[in-house]
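Below is one structure, written out as structure tokens; comments come after it.
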Amino acid sequence: GVFQIMAKMVRRTCAFCPEGEAVSVMYIAKERNIAAHQHCLLFSSGFVESEEYNPENMDIRFDVASVLKELKRGKRLVCNFCRKKGATVGCEERACRRSYHYFCALCDDAAIETDEVNGVYRYLTKYFLIIPVQLWSGSLLYKSVWFCVLTVRIDFLRKCKQAGLLDDIFEEMLDTLHLAQEKLMDDNTSETEYEETVMSLFDCGLFENILTNIHSGTEEKIQELLESRKRLDNKIELLQDLKEVI
């Protein structure tokens with residue numbers, strides 16, 4: 001039979017990064033005009049290395065077809081940090097639905113776990129706890145325990161709902177938003193209060209998401225108006241021609 005040789009990514013290193021830095025390693029496919037950081041590939045949730053780890057031959061670890069497939073999957077995923085698409089790095093905690101770009105996960109203090117020997121590359125949404133564990137001998141052992149903050153928040157809100165407090169929480173949130181609106185609209189608001197209000201709105205993430213949706217809607221509206229103007233221009237041109245004929 002005929003064996004199809006799959007196109008591979010070629011290993012390269014960034015000339016500007018310090019020697020030996022893991023993030024400096026890149027893989028390139030010139031024929032498809034693709035370049036990717038090694039860690040962006042390894043930590044992508046839907047990506048699997050095409051070859052076994054071999055320190056003597058690193059060039060054959062990734063095939064182009066798999067990279068293209070993962071890029072296509074990432075187009076549907078929005079990063080929880082920068083709010084842009086292409087977030088292929090998913091949290092290891094099943095209950096967590098957050099996705100990131102690799103470097104955005106680092107900026108958001110994600111817990112990165114790397115085990116090159118066993119091929120384990122994963123991250124968990126911030127944070128980690130150091131908790132004391134009581135041993136049978138009576139002494140204490142301090143152990144690192146990773147957990148996903150989102151899971152804790154979900155459980156908390158579910159308990160609030162069961163206790164009948166969810167409506168009160170949202171009413172309080174609406175009152176806070178109305179107060180923020182009044183401060184931003186009031187010309188007498190001090191510069192310090194104005195800055196604090198703006199920071200609070202953007203820090204919560206909700207305000208930025210709404211702005212993104214409005215921006216998307218604005219772009220669609222502009223496109224509709226441009227198309228409408230084009231139709232009107234054509235109609236005006238036809239009427240002018242008709243006028244000349246008459």
Side-chain angles (χ1 to χ4, degrees), residues 9 12-18 21-29 32-49 62 64 66-114 120-128 146-154 157 173 176-177 180 184 194-223:
M9 302 281 285
R12 292 289 183 267
T13 304
C14 176
F16 291 95
C17 288
E21 285 288 332
V23 293
S24 70
V25 181
M26 300 183 70
Y27 281 81
I28 298 172
R32 299 305 296 267
N33 195 26
I34 299 173
H37 291 104
Q38 177 177 261
H39 276 37
C40 291
L41 293 168
L42 291 173
F43 282 88
S44 291
S45 302
F47 189 81
V48 180
E49 294 177 68
F62 308 104
V64 178
S66 297
V67 174
L68 291 172
K69 184 178 180 181
E70 185 65 355
L71 285 172
K72 183 178 180 181
R73 186 182 74 90
K75 289 181 179 179
R76 303 190 302 269
L77 302 172
V78 177
C79 178
N80 278 81
F81 185 78
C82 71
R83 311 308 303 173
K84 296 178 181 179
K85 292 183 179 180
T88 57
V89 182
C91 182
E92 191 70 16
E93 175 63 46
R94 289 185 178 181
C96 183
R97 292 294 180 265
R98 293 192 172 197
S99 295
Y100 290 91
H101 302 99
Y102 172 73
F103 290 100
C104 288
L106 294 181
C107 292
D108 205 32
D109 299 326
I112 302 294
E113 183 181 350
T114 303
V120 176
Y121 303 91
R122 59 186 180 182
Y123 99 98
L124 290 128
T125 309
K126 61 183 179 184
Y127 305 103
F128 74 92
W146 301 99
F147 75 99
C148 180
V149 172
L150 184 61
T151 305
V152 177
R153 292 172 178 171
I154 290 173
L157 282 179
M173 288 171 63
T176 303
L177 287 173
L184 293 176
Y194 200 92
E195 290 178 359
E196 290 176 353
T197 304
V198 171
M199 288 178 64
S200 298
L201 286 172
F202 278 94
D203 286 345
C204 71
L206 178 62
F207 193 63
E208 190 171 351
N209 290 343
I210 292 172
L211 287 176
T212 302
N213 292 336
I214 290 175
H215 172 71
S216 177
T218 302
E219 289 293 327
E220 292 178 2
K221 188 66 176 179
I222 290 173
Q223 191 61 36

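Keep in mind that what you see is a predicted model, and the values were worked out from it rather than measured.
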What pairs with Arg73 under salt bridge (Lys or Arg N to Asp or Glu O under 4.0 Å), at least two apart in sequence or on another chain?
Glu70
Flag, side chain of Ser99 to backbone of Leu77, donor-acceptor distance under 3.5 Å
no
Kindly give the heavy-atom pair with the smallest separation between Met9 and Val64, and that separation in Å.
SD-CG2, 4.0 Å
Rounded at 0.5 Å granularity, tell me how far OG1 in Thr197 sits from CG in Leu177.
11.0 Å
Is there side-chain contact between Phe62 and Leu42, with at least one heavy-atom pair below 4.5 Å?
yes
I'd like to check the side chain to side chain contact (heavy atoms under 4.5 Å, CB included) partners of Cys40; sequence neighbours left out, ordered by chain and number.
His37, Tyr102, Phe103
Which heavy atom in Phe81 sits nearest to a heavy atom in Cys107, and how many Å separate them?
CZ-CB, 3.5 Å
Taking every heavy atom of Val89 against every heavy atom of His101, the minimum-distance pair comes out as CG2-C, 4.2 Å
Heavy-atom distance under 4.5 Å between the side chains of Asp108 and Arg98, does that happen here?
yes
Heavy-atom distance under 4.5 Å between the side chains of Thr88 and Leu71, does that happen here?
no
Ring pair (Phe, Tyr, Trp, His ring centres under 6.0 Å) involving Tyr194 - partner list, sequence neighbours excluded
none
Between Lys75 and Lys85, what is the shortest heavy-atom contact and its length?
O-CD, 3.1 Å
